[in-house]
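Everything on this sheet refers to the single structure shown next.
All values reported here derive from a predicted model rather than from experimental measurement.
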Amino acid sequence: MTGKSHKAIGTAAGAAIAIYGIRQGDYVFALALVTAPLAAMLPDIDHGSARIGRLRKLIANIIVTAIAVAVVVAAWIHGRFILENYRTVLLVGVGIVIPTLILFKLSQTKWVRETWGFVTKHRGIMHTLIIPICTVIATIFIRDRYFLILTYGFLAGYVSHILADCMTTKGCPILFPVLRRNIRFIKLKTGSDAERIQATIMVIVIILVAFIVPIM
């Protein structure tokens, strides 16, 4: 799908998490609106013609900087030193930042390009479930609520991108490395009216689900 569609769907995913939290009277869930739209654009870092793809180095640096800022802000909010949150910082790094940067750096390596062209092409390894799985594992151990909600937003945005692209003709290799074949649910042409309609439907459905899901 186009960048606009991904941003809209990712924002809806973040809004859904925020709405669910607000229904419980927990406004911290609104933090998901910070990371979800950004994560919804992140997989296209492997696309040279996409805006985010043309800014690969800048985006990689922004990711590291954003996490560093988040660490400082979270520590300040809690009124304690960053070192006291070392476990959360480590999990965020190991579960999200490091895997993302490793995959990104691999795609820039000449040897990898020549040996495994699949890894470097658009809708290659960045469009698999590797990053989401690492993120899910991280959420199991993260105890800091602020980091946890930010991570939920990241996960929702990233997954929304992959699912949206699975609606297009090319699909995504979501089961890699188990299965290298691209998976697609329907065959929409990117940039077509049908794609925009589907994106609108996904946004509406995601928001509606936020209101329908029972409060735990």
Taking all non-hydrogen atoms of both residues, which atom of Val28 and which atom of Arg145 are closest, and how far apart? CG2-NH1, 3.6 Å
Please find the pair of heavy atoms, one from Ile9 and one from Ser160, that lie closest to each other, and give the distance. CG2-CB, 3.8 Å
Quiz question: by atom type and distance under 3.5 Å, do the side chains of His127 and Asn182 form a donor-acceptor pair? no
Hydrophobic cluster membership, Tyr20 vs Ile204, 4.5 Å side-chain cutoff: no
Given side chains that start at C-beta, do those of Met167 and Met1 come closer than 4.5 Å, heavy atoms only? yes
Can you name the closest pair of heavy atoms from Asp165 and Cys172 and give their distance? CB-SG, 3.3 Å
side-chain contact (heavy atoms from CB on, under 4.5 Å) between Thr139 and Leu148: does it pass, once the steps are laid out? CA-CA 6 Å; Thr139 62; Leu148 189 59; 4.0 Å; yes
Do Leu129 and Ile174 pass the side-chain contact (heavy atoms from CB on, under 4.5 Å) test, and can you show the C-alpha distance, the side-chain angles, and the key distance before you say yes or no? CA-CA 5 Å; Leu129 293 177; Ile174 58 176; 4.1 Å; yes
Below 4.5 Å, heavy atoms only, C-beta onward: do Ile22 and Phe29 meet side chain to side chain? no
If hydrophobic clusters are built by linking Ile, Leu, Val, Met, Phe, Trp and Tyr wherever their side-chain heavy atoms come under 4.5 Å apart, do Tyr27 and Leu31 end up in the same one? no
Test item: side-chain donor near acceptor, Glu195 and Ser5, under 3.5 Å: yes
Contact between Ile183 and Pro173 at the side-chain level, heavy atoms closer than 4.5 Å - yes or no? no
Check whether any side-chain heavy atom of Arg196 lies under 4.5 Å from a side-chain heavy atom of Lys4, and answer yes or no. no
Pair Tyr146, Thr151 - check side-chain contact (heavy atoms from CB on, under 4.5 Å), show working. CA-CA 9 Å; Tyr146 297 94; Thr151 304; over 6 Å; no
Is any side-chain heavy atom of Gln198 less than 4.5 Å from a side-chain heavy atom of Ile186? yes
Quick one: does Leu150's side chain get under 4.5 Å of Thr35's, heavy atoms only? yes
Counting only N and O atoms by type, is there a donor-acceptor contact under 3.5 Å from the side chain of Thr169 to the main-chain atoms of Leu188? yes
Verify the cluster assignment for Leu33 and Leu208: are they in a single hydrophobic cluster under the rule of side-chain heavy atoms below 4.5 Å apart? no
Nearest heavy-atom neighbours spanning Pro37 and Ala32: CD-O, 4.2 Å
Between Arg23 and Ala18, is there a donor-acceptor pair closer than 3.5 Å when you use the side chain of the first and the backbone of the second? no
Indicate yes or no: at least one non-hydrogen side-chain atom of Leu38 is less than 4.5 angstrom from one of Leu42. no
Below 4.5 Å, heavy atoms only, C-beta onward: do Thr135 and Tyr158 meet side chain to side chain? no
Closest heavy-atom pair, Pro132 versus Ile162, reported as atoms and distance to 0.1 Å, is CG-CD1, 4.2 Å
Does atom CZ of Phe211 have more than 12 heavy-atom neighbours from other groups under 6.0 Å away? no
Are Met126 and Val159 grouped together when hydrophobic residues (ILVMFWY) are joined by side-chain heavy atoms under 4.5 angstrom apart? yes
Quick one: do Val203 and Ile212 end up in the same hydrophobic cluster if we chain Ile, Leu, Val, Met, Phe, Trp and Tyr together by side-chain heavy atoms under 4.5 Å apart? no
Give the intermediate values and the outcome of side-chain contact (heavy atoms from CB on, under 4.5 Å) for residues His161 and Asp44. CA-CA 9 Å; His161 183 113; Asp44 277 345; 3.2 Å; yes
What are the two closest non-hydrogen atoms of Ala40 and Gly10, and how far apart are they? CB-CA, 3.5 Å
Does Val178 sit in a hydrophobic cluster with other residues, and if so which ones, taking ILVMFWY side chains as linked at heavy-atom separations under 4.5 Å, directly or through other members? none
